[in-house]
**Q** 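First, the structure itself, so that you have it in front of you.
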Amino acid sequence: MIRSWWKEQVIYQIYPRSFYDSDGDGIGDINGIILKLDYLKFLGVDIIWISPHFDSPNDDNGYDVRDYKKIMKEFGTMDDFDNLLSEIHNKKMKLVIDLVVNHTSDEHSWFIESKSSQNNKFRDYYIWRDGGQETPPNNWTSFFGGSAWEKDPKSNDYYLHYFSKKQPDLNWENEKVRNEVYEIMKFWLEKGVDGFRMDVIPFISKDQSFKNLSKSKLVKPEFSYANGSRLHEFLKEMNSKVLSKYDVVSIGEAFGISKESMMKITDERECELSLVFLFDIIRIGRDNWIQNDWNITDLKKLFDVQSSTDNFHWPTVFLNNHDNPRSVSKFGNDSMYRVKSAKLLAMLVLTQRGTPVLYQGEEIGMTNYNFKSLDQFDDLEVLGNLPKALKSGITKNKYLDYLNLSSRDHSRTTIQWNNRSHGGFTINDKNWFVSNSNYDSINVENDMKNSDSIFHFYKNLIDLRKKSDDLIYGKYCDLDPNHKNVFIYQRQGKIYSYLIILNMSENLMTYDVHNLTDYSLEISNRNMDINYYSNQIELLPWDALILKNKLC
Ligand code: ISL
């Protein structure tokens with residue numbers, strides 16, 4: 001295993017809009033992030049990834065970029081950004097920015113040119129097709145509802161958009177587009193950013209036949225669109241022309257990608273990307289907006305697939321991001337056992353093999369929001385998918401029930417800093433979205449004061465992980481894959497072997513641990529006494545512990 005800084009460090013994702021509003025306009029901003037850097041440093045974060053900060057009309061909260069070299073005005077100025085970068089570097093942390101280059105905004109100058117006439121030199125920057133009569137060129141659907149094609153009344157041609165119609169897809173077959181992207185990447189790298197998270201990167205290469213898809217393939221378009229035949233070629237080109245020239249980390253958002261393709265992208269011998277985000281774990285049981293039941297044994301299998309890969313691959317480990325519900329609400333118990341289960345999940349994320357990626361608010365166990373009606377949502381996907389939901393035979397109320405489990409907006413409520421108005425998110429009384437009413441009790445200030453809080457548990461685990469190469473690089477082995485409640489795995493290194501024992505249930509039980517007498521308790525989410533003579537451990541609901549054994 002080749003050592004790399006991005007394997008050893010902890011990433012923390014910031015969704016700037018919802019993080020901290022320093023100027024009182026109700027929208028989080030860059031200066032707000034600067035004000036909280038000491039907090040992140042204290043937690044033990046090494047790498048900060050910020051969701052898009054570029055100029056944008058915000059149809060999809062910045063994932064629709066109007067100008068890649070300008071800052072979103074609500075977030076601040078380029079001077080603010082430069083300041084943020086140098087403050088982060090002064091504190092010996094790193095900054096990763098979001099690269100959204102599968103599509104741009106329809107307000108990007110390239111698209112305005114491209115749309116202006118069929119002969120325009122930017123026409124081929126996007127994907128235009130003649131739809132014939134009144135029907136789109138094929139039956140592909142957009143992730144945000146409806147057809148993936150939008151007709152331009154001027155030319156009668158259709159352009160492709162996998163996401164909203166305000167997010168036209170770039171034509172990566174066009175070498176000029178690729179070079180433009182590489183130039184944008186260099187612009188930010190020359191400023192000193194430490195890497196990129198790459199939005200829906202598998203989608204940049206598209207099946208050029210643009211054939212109709214069968215009904216079954218349309219159900220999960222990410223698997224039919226992803227992995228166009230030139231993906232690896234494009235990534236290798238990007239690597240050789242740009243990434244290889246800098247000491248940076250590159251993380252592909254690999255939505256809907258096959259395991260084989262993932263293995264190729266992250267294979268260190270292939271020179272493509274450093275890491276990918278796979279979605280099998282975070283979206284377990286998900287079918288569009290529907291959250292089906294899932295079980296612990298299935299979850300463990302997914303960890304096994306990603307964590308026991310060979311020495312040439314390195315996974316990421318995460319249970320939260322801005323597109324998914326809060327982890328304690330999905331994977332834990334956000335009522336009676338909120339604190340305990342959030343601590344267990346912290347242990348899971350920070351002791352698996354792979355780079356841990358935390359999401360803002362996770363470190364204090366923020367929970368899902370209780371939406372009462374569809375008009376409370378901000379996410380364009382909610383109304384976009386409503387016709388499809390109704391067509392599938394469910395009522396609006398049922399759709400709302402599903403969204404209360406699955407919506408992206410759960411993670412976009414503003415950060416709960418203290419118990420003052422809007423959870424202290426803003427210096428004024430404005431909020432672009434909502435804050436969860438539980439900010440009275442669940443907030444950063446409370447957690448900082450209480451040494452037994454979720455925050456301090458994260459901090460202690462991060463510290464532990466950093467001090468132990470064996471916990472970072474040790475071999476991963478699931479010791480009891482079939483157990484229905486307990487996730488017990490080993491991380492075996494050169495000097496130490498760790499046993500991580502997680503009771504992912506409300507059940508009380510006695511659990512046999514082979515050779516328990518060889519181990520000592522390193523950390524747990526409750527005060528516990530272990531009877532080392534019995535080889536048995538009493539597990540209470542949501543108990544989580546790490547045992548350690550010095551080898552030789
Ligand atoms: O969250 C999803 C559906 O509920 C996914 O379809 C999500 O859109 C997918 O993971 C791709 O996400 C990324 O690209 C989108 C943007 O809306 C997401 O915020 C971003 O993470 C389009 O840029």
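One-based numbering, in listed order, for ligands and for the atoms of each. Here the structure is a predicted model, which is why all the values come from computation and not from measurement. Position 1 is the first residue of the sequence; numbering continues from there.
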**Q** Report the C-alpha separation of Tyr20 and Thr426 in whole Å, then their side-chain angles, then the decisive distance to 0.1 Å, and conclude whether the side chain to side chain donor-acceptor pair (under 3.5 Å) test is met.
**A** CA-CA 6 Å; Tyr20 183 60; Thr426 167; over 6 Å; no
**Q** So, the side chain of Asn31 versus the backbone of Ser22: is there a donor-acceptor pair under 3.5 Å, distance only?
**A**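 Side chain of Asn31 to backbone of Ser22: no pair is present.
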**Q** Pull out every atom of ligand 1 sitting under 4.0 Å from any heavy atom of His322, numbered as shown with elements.
**A**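 Checking each atom against His322, I get 18 (C), 19 (O), 20 (C), 21 (O).
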**Q** Which atoms of ligand 1 have any heavy atom of His103 under 4.0 Å away?
**A**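 What qualifies from ligand 1 is 22 (C), 23 (O).
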**Q** Give me the residue, atom name and distance of the protein heavy atom closest to atom 2 (C) of ligand 1.
**A**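 Here the closest protein heavy atom is Arg283 NH1, 3.8 Å.
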**Q** Return yes when atom NZ of Lys396 has more than 12 non-hydrogen atoms of other residues, nucleotides or ligands closer than 6.0 Å, and no otherwise.
**A**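 Result for NZ/Lys396: open.
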**Q** Taking Glu363 for the side chain and Ile454 for the main chain, is one N or O donor matched with an acceptor at less than 3.5 Å?
**A**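 Such a contact is absent between Glu363 side chain and Ile454 backbone.
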**Q** Closer than 4.0 Å to some heavy atom of Phe144 - which atoms of ligand 1 meet that?
**A**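 That gives atoms 17 (O) of ligand 1.
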**Q** Any idea which of Phe163, Phe203, Phe143 brings a heavy atom closest to atom 15 (C) of ligand 1?
**A**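 Residue with the shortest heavy-atom distance to the ligand atom: Phe163.
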**Q** Among all protein heavy atoms in this structure, tell me which lies nearest to atom 5 (C) of ligand 1, with the distance rounded to 0.1 Å.
**A**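 Nearest protein contact, heavy atoms only, for atom 5 (C) of ligand 1 is Phe255 CZ, 3.7 Å.
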**Q** Identify, by atom number and element, the atoms of ligand 1 in contact range of Arg412, meaning under 4.0 Å from any of its heavy atoms.
**A**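 Counting from 1, the qualifying ligand atoms are 19 (O).
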**Q** Looking at NZ of Lys191 and CZ of Phe81, how far apart are the two atoms once the value is rounded to the nearest 0.5 Å?
**A**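 Reported value, rounded in 0.5 Å steps: 7.0 Å.
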**Q** Are Arg17 and Asp29 ion-paired here, with the side-chain N under 4.0 Å from a carboxylate O?
**A**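 A salt bridge is absent here (no side-chain N lies under 4.0 Å from a carboxylate O).
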**Q** Test your reading of the model: is there a side-chain donor-acceptor pair from Glu362 to the backbone of Tyr359, 3.5 Å cut-off?
**A**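 Yes, Glu362 side chain to Tyr359 backbone: donor-acceptor pair under 3.5 Å.
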**Q** Any idea which protein heavy atom is nearest atom 1 (O) of ligand 1, and the distance to it?
**A**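 Among all protein heavy atoms, the one nearest atom 1 (O) of ligand 1 is Arg408 CD, 3.3 Å.
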**Q** Look only at the side chain of Asn58 and the backbone of Gly62, and say whether a donor-acceptor pair between them is shorter than 3.5 Å.
**A**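 Side chain of Asn58 to backbone of Gly62: a pair is present.
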**Q** Tell me: protein heavy atom nearest atom 3 (C) of ligand 1, and distance?
**A**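 So the nearest neighbour among protein heavy atoms is Glu381 OE2, 2.9 Å.
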**Q** For ligand 1, which atoms have a heavy atom of Val200 less than 4.0 angstrom away?
**A**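 Ligand 1 atoms under the 4.0 Å threshold to Val200: 11 (C), 14 (O).
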**Q** Could you check whether Lys206 makes a cation-pi contact with Tyr162, meaning its NZ or CZ is under 6.0 Å from the centre of the six-membered ring and within 45° of the ring axis?
**A**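 Yes - Lys206 lies over the ring of Tyr162, closer than 6.0 Å to its centre and within 45° of its axis.
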**Q** What is the nearest protein non-hydrogen atom to atom 10 (O) of ligand 1, stated with its residue, atom name and distance?
**A**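 Here the nearest protein heavy atom works out to Glu253 OE2, 3.0 Å.
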**Q** Indicate yes or no: does Lys264 engage Glu233 in a salt bridge with an N to O separation below 4.0 Å.
**A**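 Here Lys264 does not pair with Glu233 in a salt bridge, since their nearest N and O are not under 4.0 Å apart.
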**Q** Under 4.0 Å from any heavy atom of Asp60, which atoms of ligand 1 are there?
**A**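 Result: 15 (C), 16 (C), 17 (O), 22 (C), 23 (O).
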**Q** Which protein non-hydrogen atom lies closest to atom 21 (O) of ligand 1, naming both residue and atom, and how far is it?
**A**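 Answer for atom 21 (O) of ligand 1: Asp323 OD2, 2.5 Å.
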**Q** Which protein non-hydrogen atom lies closest to atom 23 (O) of ligand 1, naming both residue and atom, and how far is it?
**A**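 Answer for atom 23 (O) of ligand 1: Asp199 OD2, 2.7 Å.
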**Q** Should His161 be listed as contacting ligand 1, given a heavy-atom distance under 4.0 Å as the test?
**A**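 Not so, His161 does not reach ligand 1.
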